[in-house]
Amino acid sequence: MKTEVLDAGAIVNWEEQVDVLVVGLGAGGAAAALGARETGAETLVAERAGGGGGTSAMSGGVIYLGGGTALQKACGFEDSPEEMLKYLSASIGPGRDDTKLAAYCDGSVEHFDWLVAQGMPYKETYYYGQSGEPPTDDGLVWSGSENVHPFRDIAKPAPRGHVAAVPGAAGHKVMSVLCDAVDRSGARTAFNTTCTALYQERDGAITGARLETFGEARNVRARGGVIITTGGFVLNDDMLNAYIPAALKCSMRVAADGDDGSGIRLGMAAGAGTRHLDKVSVSLPVTQPWDLKAGLLVNGQGQRFINEDAYYGRLGDYALLRHEGRCWLVVDDEFYIKPEYGFELAAVGETPAELGQELGLPEGALESTIEVFNRHAERGEDPLFGKREPYLKPIQTPPFGAIDCTTENARYAVFTLGGLATDVDGRILDPEGRPISGLLGAGRSTSGIAVGGYSSGLSLGDGTFFGRRAGRIAGGQRS
Ligand SMILES: Cc1cc2nc3c(=O)[nH]c(=O)nc-3n(C[C@H](O)[C@H](O)[C@H](O)COP(=O)(O)OP(=O)(O)OC[C@H]3O[C@@H](n4cnc5c(N)ncnc54)[C@H](O)[C@@H]3O)c2cc1C
């Protein structure tokens with residue numbers, strides 16, 4: 001879809017006037033509308049699809065929160081904003097926004113309470129053994145690499161994946177609760193309504209937008225601001241090609257139709273800066289069930305490159321971005337169990353040498369990888385990558401197998417993390433770091449907490465957290 005920025009001075013009559021215009025009704029947009037309504041602002045939400053939900057409704061519904069939420073406490077886990085900050089600072093990696101991160105960790109307990117107040121149901125039970133949404137309606141899961149090397153030695157581990165009480169993927173529940181809250185709040189919604197242009201004053205301020213419903217356009221003035229919450233750009237091949245071509249190799253680019261980067265392009269055309277457009281979250285969920293963490297993930301040289309007990313988002317990140325999506329999980333007959341998510345065996349051999357040959361690996365490479373791993377595993381150690389018990393099992397019981405983790409044959413689930421540059425209150429910034437008056441954003445059309453080094457739940461987490469802040473700011477500046 002084409003987007004443009006038009007001269008606000010040329011408008012004689014605005015067909016409609018509101019305090020705050022929110023563009024897109026996913027998790028970020030819902031929170032922005034609710035934040036705006038908290039200030040009493042007259043709020044309109046324009047959503048391109050026939051109803052609210054976006055990619056958020058298709059997601060696992062895990063929300064990354066911590067610091068000692070009521071749910072963590074009820075499940076018997078201790079946590080603090082300091083430990084949460086230590087983990088996220090270490091796992092997110094370079095390029096993070098420390099101001100946003102600190103605000104998110106400090107405000108996490110309150111944000112959980114706010115979600116509950118909107119009607120989000122959480123069962124006060126903990127589920128072990130899943131790196132994301134559990135198959136049950138349990139409320140708390142591990143959703144990152146908190147309890148594995150190297151992070152377990154950096155911050156006190158605690159599970160922080162908060163999941164609404166429905167079995168399996170809970171994104172639809174998250175969004176039905178948030179959309180109901182938006183309706184109750186008094187915000188108006190306009191569905192099948194696409195924002196195709198922003199209106200900009202001579203001084204750069206954004207004062208309105210053009211909305212199109214079934215081909216009919218109207219110009220809407222937004223006195224307090226336009227909030228862009230249109231999601232990421234994983235469905236836009238041109239943008240992926242320009243910023244992160246490796247993502248095009250991923251078999252699973254699951255997203256609502258709106259994830260074509262239209263909001264990011266609108267913001268850029270209005271002079272916004274961007275951050276981390278080359279960053280994605282890539283999941284390689286090959287170690288579900290968790291017994292498969294005993295396997296060895298090897299690359300095209302037959303060498304290990306990570307502790308296999310890490311969160312599957314970290315496995316995917318390393319496999320796709322550092323090893324070209326060409327790797328296999330080596331297993332033996334003792335612990336092999338059929339993987340979930342459609343992963344299949346690529347080869348089987350009676351010896352490591354035969355398996356290596358079947359995979360076309362350099363002669364001797366796989367044998368030496370397995371021999372070195374076994375030698376240390378027998379002593380309960382993994383000095384190369386720090387994998388821990390109970391997944392430190394020598395690979396020794398034939399037949400040996402290699403689960404296919406190549407991008408051609410395996411499930412790599414990807415979505416984009418980078419977007420418009422914003423400050424801690426959701427104001428969109430120009431390339432010099434100055435706010436563009438009247439333009440705000442949240443969710444995956446902006447760059448949020450995760451800039452690589454993903455943990456599940458950070459996207460719905462930062463989208464709702466900073467969306468609400470952006471809504472309050474826009475609502476407060478109406479005149
Ligand atoms: C399989 C899968 C599982 C996931 N699981 C999780 C999880 O458990 N936890 C987590 O935190 N993240 C998860 N994610 C990531 C997460 O779903 C998204 O990053 C998040 O939903 C983005 O929210 P958003 O509000 O920014 O965008 P969206 O939810 O996509 O909402 C954007 C809305 O804007 C609309 N829109 C777009 N352009 C326009 C326009 N020009 N005018 C009007 N409307 C427009 C769209 O139609 C859409 O409804 C998962 C992703 C995938 C693919």
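In what follows, residues are counted from 1 in the order of the sequence shown. Computed from a prediction, not measured in an experiment: that's the story for all the values here. Every number for a ligand or one of its atoms is a count from 1 in the order of the listing.
Here is the list of ligand 1 atoms found below 4.0 Å of a heavy atom in Gly60: 3 (C), 4 (C), 5 (N), 6 (C), 7 (C), 8 (O). Using a 4.0 Å cut-off to heavy atoms of Val62, the atoms of ligand 1 that qualify are 7 (C), 8 (O), 9 (N), 10 (C), 11 (O). In summary, the atoms of ligand 1 found under 4.0 Å from a heavy atom of Ala46, numbered by their order in the structure, are 43 (C), 44 (N). For ligand 1, the atoms sitting less than 4.0 Å from at least one non-hydrogen atom of Leu458 are 11 (O), numbered in the order shown with element in parentheses. Shown in contact with Gly457 at under 4.0 Å from a heavy atom are these atoms of ligand 1, numbered in order with element: 9 (N), 10 (C), 11 (O). Using a 4.0 Å cut-off to heavy atoms of Gly53, the atoms of ligand 1 that qualify are 29 (O). Counting the atoms of ligand 1 from 1 in the order shown, those under 4.0 Å from a heavy atom of Tyr454 are 10 (C), 11 (O), 12 (N). Ligand-side atoms of ligand 1 in range of Gly231: 26 (O), 27 (O), 32 (C), range being under 4.0 angstrom from any heavy atom.
At least one donor-acceptor pair closer than 3.5 Å links the side chain of His276 to the backbone N or O of Gly95.
Nearest non-hydrogen protein atom to atom 19 (O) of ligand 1 is Ser459 OG, 2.7 Å. Protein heavy atom at the shortest distance from atom 35 (C) of ligand 1 is Glu47 OE1, 3.3 Å. The nearest heavy-atom contact from the protein to atom 24 (P) of ligand 1 is Ser56 OG, 4.0 Å. Counting protein heavy atoms only, atom 26 (O) of ligand 1 is closest to Arg444 N, 2.8 Å. In this structure, the protein non-hydrogen atom closest to atom 28 (P) of ligand 1 is Thr55 N, 3.6 Å. At the top of the distance list for atom 53 (C) of ligand 1, counting protein heavy atoms only, stands Val254 O, 3.1 Å. The closest protein non-hydrogen atom to atom 37 (C) of ligand 1 is Thr230 O, 3.4 Å. At the top of the distance list for atom 44 (N) of ligand 1, counting protein heavy atoms only, stands Arg48 N, 3.1 Å.
For the pair Arg322 and Tyr318, the cation-pi test (distance below 6.0 Å, angle within 45°) is passed.
A salt bridge is defined here as a Lys NZ or Arg NE, NH1 or NH2 lying under 4.0 Å from an Asp or Glu carboxylate O, and Arg210 with Glu4 meets this definition. Looking at Glu133 and Lys173, no side-chain N of the basic residue comes within less than 4.0 Å of a carboxylate O on the acidic one, giving no salt bridge. Under a 4.0 Å N-O distance rule, the pair Asp462/Arg444 qualifies as a salt bridge. The existence of a salt bridge linking Lys156 and Glu83 is excluded, since no basic side-chain nitrogen approaches an acidic carboxylate oxygen closer than 4.0 Å.
Met268 is listed as a side-chain neighbour of Thr274, based on a closest heavy-atom distance under 4.5 Å. Taking 4.5 Å as the limit, every side-chain heavy atom of Glu340 sits out of range of all side-chain heavy atoms of Pro285. Using a 4.5 Å heavy-atom threshold, the side chains of Ser445 and Ile264 count as touching. Under the 4.5 Å side-chain criterion, counting only non-hydrogen atoms from C-beta, Glu324 is in contact with Lys249. Contact annotation: the side chain of Glu38 approaches that of Trp114 to within less than 4.5 Å [non-hydrogen atoms, C-beta and beyond].
From Lys86, atom NZ reaches atom OG of Ser80 across 7.0 Å, with rounding to the nearest 0.5 Å. To the nearest 0.5 angstrom, Ile449 atom CD1 is 6.5 Å from Tyr104 atom OH.
Contact annotation for Ala57 and ligand 1: no heavy atom of the residue comes within less than 4.0 Å of the ligand. If you look at Leu266 next to ligand 1, there are no close heavy atoms at all, none under 4.0 Å. Contacts between Phe191 and ligand 1 below 4.0 angstrom, taking non-hydrogen atoms only, are absent altogether. Contacts with ligand 1 closer than 4.0 Å are made by no heavy atom of Asp257, backbone or side chain. Heavy atoms of Ser262 found under 4.0 angstrom from ligand 1 belong exclusively to the side chain. The residue Thr196 has no part lying near ligand 1, judged by heavy-atom distances below 4.0 Å. In Met1, the part holding a heavy atom less than 4.0 Å from any atom of ligand 1 is the side chain.
In terms of polar-atom proximity, Gly29 is not counted as a contact of ligand 1, lacking any N or O under 3.5 Å from an N or O of the ligand. In terms of polar-atom proximity, Glu133 is not counted as a contact of ligand 1, lacking any N or O under 3.5 Å from an N or O of the ligand. The N/O atoms of Gly28, backbone and side chain alike, include one that comes under 3.5 Å of an N/O atom in ligand 1. Checked by distance only, ligand 1 and Phe415 stay at 3.5 Å or farther apart across all their nitrogen or oxygen atoms.
For Tyr128 and Trp290, the gap between ring centers is short of 6.0 Å.
Applying the salt bridge (charged side-chain N to carboxylate O under 4.0 Å, His left out) test to pairs two or more places apart or on separate chains, none has a residue in residues 279-288.
Close to ligand 1: Thr193, with a non-hydrogen atom less than 4.0 angstrom away.
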Passes side chain to side chain donor-acceptor pair (under 3.5 Å), Lys100 versus Thr422? Steps please. CA-CA 10 Å; Lys100 279 184 191 165; Thr422 53; 2.8 Å; yes
